[in-house]
Each structure stands twice: as C-alpha cells, then as structure tokens.
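Worksheet for the structure shown next.
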Amino acid sequence: MLTGRRLRRVVVRNAALRWPVELPASLGGQRLGPIGRRAKYLLLPVESGSLIVHLGMSGHLSVVPADTPPGKHDHVDFELDDGRAVRLTDPRRFGSVHWQAHPVEDHWLLGDLGPEPLSRDFDAAHLAACARRRKVAVKNLLMNAKVVVGVGNIYANEALFLAGIRPRVAAGRLTRSRLGELVAAVKATLASAIQSGGTTLRDFTGADGRPGYFVHELVVYGRGGEPCVRCAATLKEVWLAGRTTVYCPQCQI
DNA sequence: ATAGTCACCTGAGCGC
DNA sequence: TGCGCTCAGGTGACTA
C-alpha cells in the first residue's frame, strides 16, 4: 500500500526518457494520495500536485528496498519514508514522468483526450460524431487518442476483425450501426485482454514479470499470411499509419 | 483542418 | 561466436 506514505526523495538517474524528466525539488516530505489513471497515464497525487507516469511499451514499476542497487534500466526511484522505493524500469525509454500542480487535468498531455474505452462515454453516438465526414482510415481514427484512449495497434487490429470492418475504410463512410458494432468490439476486445492479463510480446512482461496471456487469443495480429480463424481465407498484412495491419479480406468488408 | 509520415529507443531474432 | 540489420510499439511533432 503506497497511499498515505510520504516521499523521502525522488532520484532521477536518467532523465532522458520520452521527454526530459524535470521535477520540482520540493517533493520530499509530501504525502501520497490515492493513485489514479487517465488513458495510459498513471497519476500519483501528492500534496501540491501530481506525478504523471507513462510506462511507454517496455516500462514497469516495482516496489523495492530503497538500497537495492539499480540496474541498467532503472531510471527513476520514488523513495518512500518506510525504506522502500517505487522504481521505474524502462529499457526502451518510451516512458515518461511529468509533474503537474493541481489540478492534474490541466496537464497538456491530458488536455485533449477522448473518453475511456470501457466507459459509457465511448458509444456509437460519440464515434459517429468523430467519424462524420472524415476520410481517415477507420483504424487510424480508432488509434487517435482524441477519439478514444487506450486502443493501440494490437487491439485496433483485433477489434476491427471482430466487427468485420476493413482497417482502411474511410471512417466517414461507415454507418452509425456499424460504428456501434465497432464500439462493442473494442470494449469486448479490451475487456477480454484485461481478463487474460494483457498482451505481452517478445521480451515484454507484465508488472509481475510474467507474460500476459492475451497473446494466445490474438486472431489477426501477428498472423499475416495465415488462415483466418473464421473462414480460413489468407489474412492480409498491410502497412497503415506506420504500423503493421492485418485483416481478413473475406470477413472484413 | 486533415491526413499521412517520422522520430524516439532497445533487445530479439535473423542472416551471414 | 559475433556482427549488423530489421522490426516492434505509443504518441507527439512534423510535413504536405
């Protein structure tokens, strides 16, 4: 339990994360409040503001005795008043740590974000409003954090398969009912992934150091050239928005 | 304003 | 065994 503990100090060993880590010197002695989350940002409130932590794709936090020798990729320690430290480890340094005085929503990173995907605010009406007259590929729309947060490349691929929608279709050409199906598919995909402990690939692991098992349930991602699980047609792999995109040319229209 | 591309970073996995 | 290359991912910055 971290809430209620006080910070002793914050040690930044490597400030060169996704953005330079620049924190106020006055964090020592401040008491931690209840930890929150917005999109993929962890919000750690203290008395005068909040630390905003993003784990990028390879980052994780662990709680260790504060005198544990740091490893190569241990970039930041949040030392507590009980001799422990919350340690940020991130080999690829796509993660970040920001500071924002209250209220945390004022931070520019959080200012223009769409609804949480599993909330009621993410519904057919919202997605239809975002898609209206837009020519952008529906997959790109789905991965746009201004539209909805939390949908990365893997889950966008899976949700589009589940909804039977081609990734490259212009968002504005989809009917409201199909967008509604897509909303449902996104929610189902994410809920199922959370249930399985998330998705981990290659060297990545979950917070407990073990892999997420959703990778075993992926039906299109990473399966380009293999048979579709539904119709056995060969899955197509294309390049879209700089990301590998896989779909079934038969099931997805 | 919108759409598309690029960059950041490192380790895994591959071919030689 | 070792070297060098390619790829993956989230997301803001940049270019048309």
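To find a chain, count down the sequence lines: A is the first, B the second, and so on, and within it residues start at 1.
- Taking side-chain N and O atoms only, A:His73 has no distance below 4.0 Å to OP1 or OP2 of B:dC9.
- A:Lys146 places its NZ atom 11 Å from the C1' atom of C:dA13, with the value rounded to the nearest Å.
- Separating the CG atom of A:Leu142 from the C1' atom of C:dT11 is a distance of 15 Å, rounded to the nearest angstrom.
- The base of B:dT2 is not paired with the side chain of A:Arg134 by any donor and acceptor separated by under 3.5 Å.
- If you take CG on A:Leu27 and CH2 on A:Trp99, they are separated by 5.0 Å, rounding to the nearest 0.5 Å.
- Between the NE2 atom of A:His75 and the P atom of B:dC9 there is a distance of 11 Å, given to the nearest Å.
- Take the nearest nucleotide of DNA chain C for A:Glu237 and for A:Ala241: the residue whose nucleotide is more 5' is A:Glu237.
- The side chain of A:Phe94 lies closest to B:dC9 when the candidates are B:dC9, C:dT11, C:dG12.
- Note that the CG atom of A:Asp123 and the CG atom of A:Leu179 stand 11.0 Å from one another [nearest 0.5 Å].
- Among the nucleotides C:dA8, B:dG4, B:dG11, the one closest to the side chain of A:Asn140 is B:dG4.
- For A:Leu110 and C:dT11, the CG to P distance is 11 Å, given to the nearest whole Å.
- As rounded to whole Å, 16 Å separates atom P of C:dT11 from atom CZ of A:Arg92.
- In this structure, A:Gly242 reaches neither bases nor backbone, as no heavy-atom distance under 4.0 Å exists between it and the strands shown.
- Within the 4.0 angstrom heavy-atom criterion, only backbone atoms of the sugar-phosphate kind lie near A:Arg93; the bases stay farther away.
- Phosphate proximity of B:dG11 to A:Lys72: present, with a side-chain N or O under 4.0 Å from OP1 or OP2.
- A donor atom on one side chain and an acceptor atom on the other are found under 3.5 Å apart for A:Ser196 and A:Glu217.
- Between the CE atom of A:Met57 and the C1' atom of B:dA12 there is a distance of 11 Å, given to the nearest Å.
- Contact check, A:His54 against C:dG10: no side-chain N or O comes under 4.0 Å of OP1 or OP2.
- The phosphate of C:dA8 has OP1 or OP2 within less than 4.0 Å of a side-chain N or O from A:Thr244.
- Heavy atoms of other residues, nucleotides or ligands lying less than 6.0 angstrom from CZ of A:Arg173 number 12 at most.
- As rounded to whole Å, 12 Å separates atom P of B:dT2 from atom CG of A:Asp112.
- Heavy atoms from other residues, nucleotides or ligands lying under 6.0 Å from NZ of A:Lys187 number more than 12.
- Base engagement by A:Arg243 is indicated by at least one non-hydrogen atom pair under 4.0 Å involving a base atom.
- Counting heavy-atom neighbours within 6.0 Å of A:Gln195 CD, excluding the residue itself, gives a total of 12 or less.
- One can place CG of A:Asp90 at 10 Å from P of B:dT10, the figure rounded to the nearest angstrom.
- Nearest nucleotide to the A:Val136 side chain, out of B:dT2, B:dG4, B:dT10: B:dG4.
- When the nearest nucleotides of DNA chain B are assigned to A:Ala16 and A:Leu240 by heavy-atom distance, the more 5′-ward of the two goes with A:Leu240.
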